[in-house]
Amino acid sequence: MKEYTVLTINPGSTSNKIGIMKGDRIIFDMDAKTDENDFKGCSSFKDQVPIREKQIYSILKENHINLDELDAVSGRGVGIYSCEGGTYRINEIAYEHALNDQAGINHPATLGIVLARHIGDRLGIPSFFVNPMCVDELCDEARITGVKGIYRTSRAHPLNMKQTAITHSRQHGVKYEDCNYIVIHMGGAISVAAHQKGKAIDQTRITDGQGPISPNRTGDICFADVREMSKNGKTLEEIRNLCTKRGGLIELCGTDDVRYIRDEMIAKGDKFAELALNAMEYTIVKWAGAMAGVLKGKVDAILITGGLARDEILLSQLKDDLSWIAPIFVYPGSFETEALAEGAMRVLSGEEECREYSGYPVFEGFSFEQ
């Protein structure tokens with residue numbers, strides 16, 4: 001069987017993360033930092049495309065990467081409308097939507113699709129995106145809120161969460177599509193999802209602030225809390241920023257560095273910092289329990305991933321509090337390079353059918369609504 005080689009592109013606010021995977025091995029992985037002066041004069045992220053593309057080619061050349069050996073290029077999928085999970089060919093609609101940030105994400109990650117398409121076309125190889133940020137596989141019941149016409153959207157970490165579930169399944173000789181998992185991604189934001197037979201049927205909306213208390217997210221707050229903050233002079237934009245970027249441990253402890261909170265603040269007797277950290281773990285457990293309910297107690301495993309999955313104390317607490325649900329497996333760090341590359345490889349090898357981005361959200365309301 002052919003051993004495919006895939007280039008991955010994952011743009012960030014201050015970097016271009018570039019990876020190359022050959023078969024089951026990562027042979028190149030670099031988080032190449034960018035300087036704000038690099039984009040001086042760029043009025044939008046769209047304007048950064050030629051600059052970032054030039055930087056990527058320069059890095060590949062400096063590291064003696066033979067571009068002729070590449071079989072495909074895979075870019076981070078952001079800025080497009082919601083769609084089901086899987087690997088997608090970067091068609092014209094996906095390219096235009098990402099280029100113009102159709103989803104209104106306002107982040108350079110939207111350039112992942114754009115840069116992958118440019119590089120793929122230049123090299124004459126196919127370009128893909130895999131399990132984009134907007135993956136929406138929610139069951140109907142998970143969409144409904146108590147306000148008619150207001151629906152829950154899907155906002156988690158599908159790229160890393162699905163790759164973790166796929167990797168775990170492969171290592172245990174089963175298929176992702178045959179299993180039920182609770183997947184917990186623990187980073188600056190913490191997502192908890194119920195994966196049923198290969199689909200994330202319910203999950204927290206962490207990019208909207210819903211879910212556990214996180215290092216930089218408030219987690220769940222109620223309307224009364226929003227009203228109270230508004231009465232105290234905060235604007236809606238300030239409240240949104242608090243819920244989605246500057247809340248959680250940053251607000252409670254002044255930092256999102258869990259190690260510092262534990263080794264410095266708590267070690268010096270800061271009882272409130274200790275309570276805040278315990279509350280974060282408590283809310284992770286609460287949401288995991290909710291997802292166990294969604295799966296009707298039929299959970300094959302709990303999979304924990306993300307940067308905080310390296311925190312042995314937090315892991316010990318979670319294992320004590322969640323092991324009654326299902327066996328717990330830990331996959332620390334992020335598998336975004338593997339996820340982007342392996343998705344493309346599954347299509348190239350015929351293991352997975354390539355999907356086509358339609359340009360329409362996967363959900364726009366129920367047909368039977370009055």
Side-chain angles (χ1 to χ4, degrees), residues 1-12 15-32 34 38 45-80 83 85-102 108-133 159 163 335-359:
M1 183 179 291
K2 177 177 170 59
E3 191 175 55
Y4 293 101
T5 303
V6 178
L7 169 68
T8 65
I9 307 294
N10 191 347
S15 70
N16 287 309
K17 188 171 184 181
I18 306 163
I20 297 179
M21 196 163 180
K22 185 179 181 67
D24 60 0
R25 309 180 312 280
I26 294 178
I27 61 173
F28 180 76
D29 204 17
M30 175 180 284
D31 199 4
T34 58
D38 294 340
F45 293 126
K46 184 192 301 188
D47 296 334
Q48 298 179 7
V49 172
I51 301 170
R52 286 182 182 261
E53 188 173 351
K54 184 178 179 180
Q55 290 172 337
I56 291 168
Y57 277 115
S58 177
I59 290 167
L60 294 173
K61 183 177 180 180
E62 289 171 4
N63 288 275
H64 310 291
I65 303 299
N66 185 355
L67 301 181
D68 293 334
E69 293 183 353
L70 298 176
D71 295 296
V73 56
S74 187
R76 177 88 181 272
V78 178
I80 57 175
C83 52
T87 299
Y88 289 77
R89 179 179 71 89
I90 301 179
N91 59 20
E92 290 297 331
I93 304 173
Y95 174 83
E96 289 297 329
H97 280 192
L99 182 66
N100 296 294
D101 190 12
Q102 195 74 30
T110 56
L111 302 181
I113 286 176
V114 177
L115 292 166
R117 174 65 183 267
H118 281 203
I119 294 171
D121 286 355
R122 178 172 171 177
L123 298 179
I125 56 178
S127 55
F128 304 98
F129 63 92
V130 182
N131 288 323
M133 189 182 80
L159 185 62
Q163 182 62 28
F335 300 93
E336 291 181 345
T337 296
E338 294 94 330
L340 291 171
E342 288 188 17
M345 290 179 191
R346 289 193 295 272
V347 165
L348 293 173
S349 67
E351 179 185 343
E352 179 182 317
E353 184 177 347
C354 187
R355 291 178 174 269
E356 196 77 13
Y357 175 70
S358 69

On a heavy-atom basis, the closest approach of Ile59 and Ala32 is CD1-CB, 3.2 Å
Query raised in the report: For the side chain of Asn10 and the backbone of Ala109, is there at least one donor-acceptor N/O pair under 3.5 Å apart?
Result: no
Margin query: Testing the 3.5 Å rule here: is there a donor-acceptor pair between the side chains of Thr110 and Asp101?
Written below: no
CD1 of Ile113 to CD1 of Ile80, rounded to nearest 0.5 Å, is 4.0 Å
| message | Looking at Ile90, is its backbone amide N or carbonyl O close enough to the side chain of Arg117 to form a donor-acceptor pair, meaning the two atoms are under 3.5 Å apart? | response | yes
Go through Asp38 and Gln55 one step at a time and tell me if the side chain to side chain donor-acceptor pair (under 3.5 Å) criterion holds. CA-CA 10 Å; Asp38 294 340; Gln55 290 172 337; 3.2 Å; yes
Applying side chain to side chain contact (heavy atoms under 4.5 Å, CB included) to Ile65 and not counting sequence neighbours gives Ile20, Phe28, Leu60, Asn63, Leu67
Note: Arg52 and Gly12 closest approach over all heavy atoms is NH2-O, 3.0 Å
Main-chain N/O of Lys54 paired to Ser58 side chain as donor or acceptor, under 3.5 Å: no
Charged N-O contact under 4.0 Å between Glu352 and Arg346:
yes
(Q) Between Glu338 and Arg25, does any NZ, NE, NH1 or NH2 come within less than 4.0 Å of an OD or OE carboxylate oxygen? (A) no
Check whether any side-chain N or O of Tyr4 sits under 3.5 Å from a backbone N or O of Leu348 as a donor-acceptor pair, and report yes or no. yes
Worksheet entry | Derivation of the side chain to side chain donor-acceptor pair (under 3.5 Å) call for Thr5 and Glu69 | CA-CA 7 Å; Thr5 303; Glu69 293 183 353; 5.6 Å; no
Check for a donor-acceptor pair, side chain of Asn100 on one end and backbone N or O of Gln102 on the other, with a separation under 3.5 Å. no
Going through the distances and angles, do Tyr57 and His118 end up as a ring pair (Phe, Tyr, Trp, His ring centres under 6.0 Å)? CA-CA 11 Å; Tyr57 277 115; His118 281 203; 10.0 Å; no
*asked:* For the backbone of Thr8 and the side chain of Arg76, can you confirm whether one donor and one acceptor N or O come within less than 3.5 Å of each other?
replied: no
